[in-house]
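Single-structure report; data block below.
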Amino acid sequence: MTKASDLLVQCLEAEGVEYVFGVPGEENLDFLDSLERSKIRLILTRHEQGAGFMAATYGRHTGKAGVCLATLGPGATNLVTAAAYAFLGGMPMLMITGQKPIKRSKQGRFQILDVVDMMRPITKYTHQLASADNIPARVREAFRLAQEEKPGATHLELPEDIAHDPTDAVPFQPSYARRPLADGKAILAAVRAIESAKSPILVIGAGANRTMTSKMLLELVEKTGIPFLTTQLGKGVIDERHPKFLGCAALSAGDFVHAAIRRADVIVNIGHDVIEKPPFFMSQNGTTVVHMSFRSAEVDPVYFPQVEVIGDIANAVWQLKEAIQVQPHWDFSAMLAARAAEVAHRDAAITDTRFPIYPQYLVSEIRKAMPEDGIIALDNGVYKIWFARNYTAYRPNTVLLDNALATMGAGLPSAMASNMVYPDRKVMAICGDGGFMMNSQEMETAVRLGLNLTVLILNDGSYGMIRWKQANMGFKDWGLEYGNPDFVAYAQAYGAHGHRVTSAAMLPGLLRQCLETPGVHLIDCPVDYADNDRILNKEIKELSAAL
């Protein structure tokens with residue numbers, strides 16, 4: 001006979017789990033004992049939210065569910081934001097939480113919440129393990145649902161008394177499964193729509209970034225010459241240095257990329273997900289939309305595609321490429337002109353060496369400093385728009401931004417998990433001062449784990465994104481400023497290396513130095529957002545409208 005917590009860990013091993021990220025409590029002690037005797041590594045974090053973000057990012061990179069652990073009550077509630085992050089963002093993750101004994105009361109209702117019910121709206125599957133014998137089936141189901149399209153968060157609750165119950169059950173092995181392929185008639189309908197269009201366009205979304213469709217999409221673009229743009233979660237699926245790249249939909253509307261979309265009469269939407277701000281709105285009798293994804297389109301007042309190609313995306317794109325013929329009447333000149341106007345507008349600002357640092361200069365210098373396969377992990381703030389628009393992504397999942405839950409506090413833990421999955425690649429967390437302080441305690445975890453990481457803090461002493469919106473809506477600039485610690489001293493207190501930017505001229509050398517020197521580096525970088533409202537809300541809209 002085996003105790004239930006040993007069986008649970010054996011099931012995790014059968015699923016190929018490498019790490020459990022988390023903060024254990026007394027209700028997890030049997031599980032902790034079992035974990036100590038396994039080959040799975042416990043990554044002890046300083047907050048459950050950091051553990052959840054790390055597990056979700058592990059899942060984002062690998063396609064395998066990242067696993068995180070918390071106790072009951074407050075530990076479980078601290079996982080809620082990370083669960084929503086994985087659920088909306090399509091990142092496979094399994095949360096395991098403890099609970100008081102369920103067969104007899106130990107402490108009344110002390111600390112007891114209905115965690116399973118709490119997790120239900122933000123997970124694909126949530127279950128209390130009330131029987132040791134059922135653990136193998138429940139774990140297999142949690143992993144299956146976490147990892148299949150659309151990936152997301154799942155949750156299992158292990159009560160304290162069940163954890164040491166004896167059982168003779170054994171783990172299930174994962175099944176061999178392939179995704180269904182798109183129907184040939186649907187492909188032909190898509191081909192007909194695209195071939196008869198005057199100016200077709202490809203929009204690459206979140207789903208295309210999860211499933212390594214890069215090779216097939218590149219072949220489609222190379223064969224047909226059809227230009228492409230991406231959503232924020234589709235960045236890097238095709239190298240953005242490609243001459244047919246039209247930009248990233250970073251703003252909701254009114255950018256140069258939207259001027260390119262306006263010129264299209266057929267939009268091929270690949271891996272679209274309604275959780276992202278849509279790069280275009282459909283209207284009745286408007287542009288024809290072809291939806292290519294694993295699942296049929298969720299119909300929305302602004303999204304109701306006329307042609308749907310449902311099945312494995314990479315295979316569907318390959319089928320499309322094989323069947324389609326290049327048409328002499330296709331005309332992409334207006335779209336490419338919109339992109340040229342965007343590049344000219346961007347490049348005019350990247351030499352502005354004012355201090356505090358100008359966002360466009362900052363993005364340009366970070367791109368120069370990062371190698372081809374380097375990973376930037378963004379927290380959430382107004383700089384996310386500048387990076388989505390201006391940072392050229394060369395490879396999939398090298399620009400980790402969250403355009404789904406769009407939560408603050410994820411940048412540092414996401415960068416940490418990235419360095420663990422890819423120890424040989426350069427990783428930089430890019431955080432606002434507000435977002436950084438929400439999980440800054442994980443600096444200790446990063447130092448303890450011996451990670452190689454650069455943490456760039458964009459310091460403006462305020463919640464800058466909300467201030468930008470406040471200005472845009474004509475409200476008084478009020479209620480959004482705060483003080484910060486001395487970030488250099490703060491880094492050093494954790495045993496990390498602290499640096500402060502004091503001029504634009506020193507930034508390139510400092511970035512290179514931090515990326516090339518092992519250890520955890522924090523850079524305090526004062527930033528000048530004074531032009532955000534003028535450029536993002538007025539200038540870009542006027543220039544793109546005039547195209």
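Residues: numbered from 1 along the sequence shown.
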Atom CG in Asp312, atom CD in Glu149: separation rounded to 0.5 Å?
-> 9.0 Å
By side-chain hydrogen bond (donor to acceptor under 3.5 Å, both in side chains), Gln128 pairs with (sequence neighbours left out) Glu157
Listed partners of Thr45 passing side-chain hydrogen bond (donor to acceptor under 3.5 Å, both in side chains), at least two apart = none
Apply side chain to side chain donor-acceptor pair (under 3.5 Å) to the pair Glu26 and Asn28, showing each step before the final yes or no.
-> CA-CA 5 Å; Glu26 66 173 284; Asn28 307 115; over 6 Å; no
For the residue pair [X] and [Y], confirm or rule out a side-chain donor-acceptor distance under 3.5 Å.
X	Y	result
His61	Ser418	yes
Gln306	His291	no
Gln10	Asp6	no
His164	Ser5	no
Thr407	Asn380	no
Gln49	Asn78	no

Applying side-chain contact (heavy atoms from CB on, under 4.5 Å) to Asp165 and not counting sequence neighbours gives Lys103, Ala132, Ile162
Name all residues meeting the side-chain contact (heavy atoms from CB on, under 4.5 Å) criterion together with Thr392; count only those two or more places apart in sequence or in a different chain, and write none if there are none.
-> Glu240, Arg241, Arg346, Arg367, Tyr394
Between the side chain of [X] and the main-chain N/O of [Y], is any donor-acceptor distance below 3.5 Å?
X	Y	result
Lys384	Met465	no
Arg395	Asp373	no
Asn269	His272	no
Glu308	Ser296	no
Lys150	Leu88	yes

Given Glu27 and Lys100, is the salt bridge (charged side-chain N to carboxylate O under 4.0 Å, His left out) satisfied, shown in steps?
-> CA-CA 7 Å; Glu27 287 72 25; Lys100 296 288 181 198; 2.7 Å; yes
Heavy-atom neighbours of Arg46 CZ exceed 12 at 6.0 Å = no
List in chain and number order the residues that pass ring pair (Phe, Tyr, Trp, His ring centres under 6.0 Å) with Tyr85, two or more places apart in sequence or in another chain; answer none if no residue qualifies.
-> Phe53
Give the table of side-chain donor-acceptor pairs shorter than 3.5 Å for residues 15-23, with sequence neighbours excluded, one pair per line with atom names and distance.
unit_1: Glu15; atom_1: OE1; unit_2: Arg140; atom_2: NH2; d: 3.2
unit_1: Glu15; atom_1: OE2; unit_2: Arg140; atom_2: NE; d: 2.7
unit_1: Glu18; atom_1: OE2; unit_2: Tyr58; atom_2: OH; d: 2.5

Tyr383 vs Phe387 aromatic rings, parallel, tilted or perpendicular, using cut-offs 30° and 60°?
-> perpendicular
Minimum side-chain heavy-atom gap Ile376-Thr398 below 4.5 Å = no
Mind checking whether His155 and Val115 have side chains closer than 4.5 Å, heavy atoms only?
-> yes
What heavy-atom pair brings Met93 and Ala55 nearest, and what distance separates the two atoms?
-> SD-CB, 3.9 Å
Starting from the C-alpha separation in whole Å, work towards a yes-or-no answer on salt bridge (charged side-chain N to carboxylate O under 4.0 Å, His left out) for Glu141 and Arg138.
-> CA-CA 5 Å; Glu141 186 68 350; Arg138 301 306 178 205; over 6 Å; no
